[in-house]
Peer 1: 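One structure is given below, represented as structure tokens, and several questions about it will come after.
Just so it is clear: chains get the letters A, B, ... in the order the sequence lines come, proteins before strands, and each one is counted from 1.
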There are 2 protein chains.
Amino acid sequence: MTGEPNDGCADRADDELTEMADGGTSDRDWTEAEEEIMLATYRALLEHGYAGLSISRIADELGKSKASIYYHYDSKEVLLGAFLEYAIDQFESSVQTETGEDPWAELEHVVEKLLPLRVDEEKRRVQATVIGLRGQAVTSDAFREQFTEIDEQLAATIRDIVQRGIENGTFRDVDADRVAEHVLATINGAMYGRVTSDRETAVAAVRVSLSSYLDTELRPQS
Amino acid sequence: MTGEPNDGCADRADDELTEMADGGTSDRDWTEAEEEIMLATYRALLEHGYAGLSISRIADELGKSKASIYYHYDSKEVLLGAFLEYAIDQFESSVQTETGEDPWAELEHVVEKLLPLRVDEEKRRVQATVIGLRGQAVTSDAFREQFTEIDEQLAATIRDIVQRGIENGTFRDVDADRVAEHVLATINGAMYGRVTSDRETAVAAVRVSLSSYLDTELRPQS
DNA sequence: GTCTATACACCGATAGAC
DNA sequence: GTCTATCGGTGTATAGAC
């Protein structure tokens, strides 16, 4: 990689899911300079939130001038698109489970990963940052497409676990897709609530209820 | 779009907000001028989204100058706080059910109200606006407090329905709070997904699954 | 109460030196 | 590749006439 200026077309979005499918970490080739900018963007987001994110702020975090950022990215919009791609690469690989495990444990792993019972301050800010970004999907097609992909990927992960559990007799023969969508929506709603309200106890209640729901829904009747 | 302060689309937006104003628990007296500003803010939000909301835009919708807005509100922050209060007054009363009805019907009413199966374009924009506003709760204490109140109110509404159903023997003796939190999180998650992704079928799947969940959870075993 | 005009900060983005 | 300097635009907010 020569470190040439990024022309800014989001032409890589398509490979994303397919590369994920074979379980590999789909690292696109980030220049060292680009990666530094991504990390500076991340820090600026944590510190100022999406509404307070500006090229100046990113440049401050980067320790360089604004113009140097425009050497690597043609516009703020392009930079944000790249950042979203970068962030999603990291996130999605962290949810993967090792197949072949006990389906109950796999489900538990996914739920705990997406909706941890206890979050330290840093994790909370990360989640808040994600939610802040996702809020922009309301008015940005590019953002919405990215988050569509994320949800699609997460739903597929849950669906596959349930499906495998059904096939090897661990679970009852339920509609795997319906269960997956339910679990995903519940998790998303609880996570959303966690960072946009102060109802601390709600997440714990949802976690309990979710376990109960999965048990009722999936455990074979004796 | 003409330069006119009001166009047809914006008028219908007014209806959406004002029609909810019957029987409300509005504990504040809005002057006519203030209410006009609130409605202009609402139209500007629908049209430009939260990120594109400015005093200029509101003034345009209002058909008056920026300065006239500052006569009524000392700052944009104050104005937005007032708007949130105004909008929540309207919203909360719209979810109320007539007590004494069949608990099944009451639950169905709440779910359909919060997560309608079919949404026309306008309703979608209203939901998108709410999500856009709520995203700001991540970085604004005032916003977060308001949405905490909303969720608290909604959870209480659901909890009370379940509780009454238990007491009159319609429902099984479950943990009403746990069920309420589960339902609320699922609804919020599905609504959130609806406006921040393009997974159209997901909402329908969640609705089906939610009905199934409530039936399994609440219907007395015979 | 509403207007016009304006102050001042910051934004995204560019030009051109080095 | 990074810098300084700057452009044009928009934002919030205010001053002062009417």
Peer 1: Got a sec, which residues hit salt bridge (charged side-chain N to carboxylate O under 4.0 Å, His left out) with B:Glu152, two or more places apart in sequence or on another chain?
Peer 2: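 Residues passing salt bridge (charged side-chain N to carboxylate O under 4.0 Å, His left out) with B:Glu152: A:Arg199.
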Peer 1: Tell me the salt bridge (charged side-chain N to carboxylate O under 4.0 Å, His left out) pairs involving residues 112-140 of chain A, sequence neighbours left out?
Peer 2: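 Applying salt bridge (charged side-chain N to carboxylate O under 4.0 Å, His left out) to every pair that reaches into residues 112-140 of chain A, excluding sequence neighbours, yields A:Glu112-A:Arg207, A:Arg134-A:Asp151.
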Peer 1: Treat primed atoms plus P, OP1 and OP2 as sugar-phosphate and everything else as base, then score nucleotides 6-13 of chain C 5' to 3': B for base contact with protein heavy atoms under 4.0 Å, S for sugar-phosphate contact only, - for none.
Peer 2: -----SBB
Peer 1: May I have the distance from A:Ile69 (atom CD1) to D:dC3 (atom C1'), rounded to whole angstrom?
Peer 2: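 Between C1' of D:dC3 and CD1 of A:Ile69: 13 Å.
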Peer 1: Whole angstroms only, please: what is the OH-P distance between B:Tyr71 and D:dA17?
Peer 2: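 Between P of D:dA17 and OH of B:Tyr71: 18 Å.
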Peer 1: Got a list of side-chain donor-acceptor pairs under 3.5 Å for residues 56-64 of chain A, not counting sequence neighbours?
Peer 2:
| from | atom 1 | to | atom 2 | distance (Å) |
| --- | --- | --- | --- | --- |
| A:Arg57 | NH1 | A:Gly52 | O | 2.5 |
| A:Glu61 | OE1 | A:Arg43 | NE | 3.3 |

Peer 1: Please state whether the phosphate of D:dC3, meaning OP1 or OP2, lies under 4.0 angstrom from any side-chain nitrogen or oxygen of A:Ser68.
Peer 2: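 The answer is yes; a side-chain N or O of A:Ser68 sits under 4.0 Å from OP1 or OP2.
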Peer 1: Scan side-chain atoms only and decide if A:Glu35 and A:Tyr86 contain a donor-acceptor pair under the 3.5 Å cut-off.
Peer 2: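 Judged by distance alone, the side chains do pair up.
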Peer 1: Measure from CG on B:Leu80 to P on D:dT12 and round the result to the nearest Å.
Peer 2: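 These atoms are roughly 9 Å apart.
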Peer 1: Which of the following nucleotides, C:dT2, D:dA15, D:dC3, is nearest to the side chain of B:Ala67?
Peer 2: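 So the nucleotide nearest the side chain must be D:dA15.
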Peer 1: Return the set of residues passing salt bridge (charged side-chain N to carboxylate O under 4.0 Å, His left out) with B:Glu106 (not counting sequence neighbours), or none when no residue passes.
Peer 2: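 Partners of B:Glu106 under the salt bridge (charged side-chain N to carboxylate O under 4.0 Å, His left out) test: B:Arg164.
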Peer 1: Taking the minimum atom-to-atom distance to the side chain of A:His72, which one of D:dT4, D:dT2, C:dG1 wins?
Peer 2: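 Of the candidates, D:dT2 comes closest.
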Peer 1: Sequence neighbours left out, what passes side chain to side chain contact (heavy atoms under 4.5 Å, CB included) with B:Asp198? Give chain and number order.
Peer 2: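 By the side chain to side chain contact (heavy atoms under 4.5 Å, CB included) rule, B:Asp198 matches A:Arg144, A:Glu145, A:Thr148.
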